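To start, the structure under review is shown below, and the notes come after it.
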There are 2 protein chains.
Amino acid sequence: MRRVTSYHHGNLREALVQAAVGLGREKGPDGIVIREVARRTGVSHNAAYRHFADRDDLLREVAKVGHDELAGTMRSRVKRVRVTDPVERARRRLREVGKAYVEYALAEPGLFAVAFSHVSLGDLSGPYELLGAALDDCVEAGYLPSSKREGAELSCWAGVHGFAMLYSTGPMSDAPRKQRDADLERLLDRIDDGLSG
Amino acid sequence: MRRVTSYHHGNLREALVQAAVGLGREKGPDGIVIREVARRTGVSHNAAYRHFADRDDLLREVAKVGHDELAGTMRSRVKRVRVTDPVERARRRLREVGKAYVEYALAEPGLFAVAFSHVSLGDLSGPYELLGAALDDCVEAGYLPSSKREGAELSCWAGVHGFAMLYSTGPMSDAPRKQRDADLERLLDRIDDGLSG
DNA sequence: CTGCGATGTGGACACTGTCAACATACCTCC
DNA sequence: GGAGGTATGTTGACAGTGTCCACATCGCAG
């Protein structure tokens, strides 16, 4: 049904989201501008209003893509863990969850910013549940005492999210990579220290 | 020299910053709009360009106010600590630094967002040094092992900054106050756990 | 007191989000 | 298979924005 030259596009909605994602990647939330999205899609300004209520609505769709990519990065990093000892495995997986979060924020600062610009917790179910599962594993393996399990998502999330903010688009964004990596390792060490015992 | 009715204002720059700060408080970074700032100051659009290179330049000035208020909140909370035992005092002061950070972000979400929208580390010397001093005290009191001192600013900052982001304008912003407070206490507990030992 | 630099004004331009009116294509029902 | 209704795109308009340029007005140095 690819009637690109016709009056009706056939799949405009998806095409608009793709263009918006591209802009988000390049320039962040403020770069997602309806009229430029339309231009890149080869369609008139205003065409987007047949598919999205307003700009925020489109932004939310772009944010979803960000959430999915973030969750994908987490899953991929967790899957790569090859440790067999249950405790070490659970710890390592949790650490990889955190690394993936920061990795994505640094690789895609624009989309990461969009993903956290107009969002509520419900939209983040993917990443949030991956973190929860990693913490559950830590309890099951006997590493994380269950007395510390409650609210552990938030302590971990806060640490990693703050780091991502500071280093992706925030005040630490021009720190040298070497220092940044060392800082991240130390942060993950402290989180680990905080959970055990 | 208060010649308010005259052609020349006498103190326009400061008046513009005040108006911009007001807008930032009410609506965050995107609410700081040059023409509205001018309107509120009773001056023509464009007058601001005699005092600021462009909008970003004005934003940076507003951000400075945010940094100062943030540092002020921290100082005020730290000063209130009445514990005498050196170790407990140092721990408590560090905790108050964190609480102040979050307290400010929740009390002034708009200005807090401005304060971290277009900033580099150098602009944050005030808050950053207060945190560093609190950590130094922890080392001096023998609570924080000096092997863990390096990069400790960043672990603490990341945790508290992430929490502030998530709960002030982020995805946790509509969490009930009670849960939010409990989450913060747990976060500060984990940070404390992570530093000791 | 005179003239020059600093400060404020008015108008213009290109750009944005959004609304209303119009045009076209697709799809269903007789 | 034609007719009409609905979904989808287009054109044009409006108010609002940041920023540039030319002009007006003021305060102060000589």
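Everything numeric in this text was worked out from a predicted model, so none of it was measured. Within every chain, numbering begins at 1; the chains are lettered A, B, ... in the order of the sequence lines, protein sequences first and strands thereafter.
- Using bins of under 30°, 30° to 60° and over 60° for the plane-to-plane angle, the ring pair B:Tyr101/B:His161 lands in the perpendicular bin.
- As a whole-Å value, the separation of B:Asn11 CG from C:dA6 C1' is 15 Å.
- Looking at heavy atoms from C-beta onward, B:Phe116 lies out of side-chain contact with A:Met165 at the 4.5 angstrom threshold.
- Protein atom CG of B:Asp30 is 12 Å distant from nucleotide atom P of C:dG17, rounded to whole Å.
- Taking both residues in full, the closest heavy atoms of B:Ala48 and B:Ile34 are given as CB-CG2, 4.3 Å, listed atom of the first, atom of the second, then distance.
- Salt-bridge formation is not detected for the pair B:Arg186/A:Glu153: no Lys NZ or Arg NE/NH1/NH2 atom is positioned less than 4.0 Å from an Asp or Glu carboxylate oxygen.
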Pull out every protein N or O sitting under 3.5 Å from an N or O of nucleotides 17-21 of chain D, one pair per line with the distance.
unit_1: D:dT17; atom_1: OP2; unit_2: B:Arg39; atom_2: NH2; d: 2.6
unit_1: D:dG18; atom_1: OP1; unit_2: B:Ile34; atom_2: N; d: 2.9
unit_1: D:dG18; atom_1: OP2; unit_2: B:Ile34; atom_2: N; d: 3.3
unit_1: D:dG18; atom_1: OP2; unit_2: B:Arg35; atom_2: N; d: 3.3
unit_1: D:dG18; atom_1: N7; unit_2: B:Arg35; atom_2: NH1; d: 2.6
unit_1: D:dG18; atom_1: O6; unit_2: B:Arg35; atom_2: NH1; d: 3.1
unit_1: D:dT19; atom_1: OP2; unit_2: B:Tyr49; atom_2: OH; d: 2.9
unit_1: D:dT19; atom_1: OP2; unit_2: B:Arg55; atom_2: N; d: 2.9
unit_1: D:dT19; atom_1: O5'; unit_2: B:Tyr49; atom_2: OH; d: 3.3
unit_1: D:dT19; atom_1: O4; unit_2: B:Arg35; atom_2: NH1; d: 3.0
unit_1: D:dC20; atom_1: N4; unit_2: B:Asn46; atom_2: OD1; d: 2.8
unit_1: D:dC20; atom_1: N4; unit_2: B:Asn46; atom_2: ND2; d: 2.2

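- For the pair B:Leu135 and B:Cys156, the minimum side-chain heavy-atom distance is below 4.5 Å.
- The separation between A:Leu58 atom CG and C:dT18 atom C1' is 14 Å, rounded to whole Å.
- Using a 4.0 Å cut-off between a side-chain N of Lys or Arg and a carboxylate O of Asp or Glu, B:Asp189 and B:Arg95 qualify as a salt bridge.
- For A:Phe52 and C:dG17, the CZ to C1' distance is 15 Å, given to the nearest whole Å.
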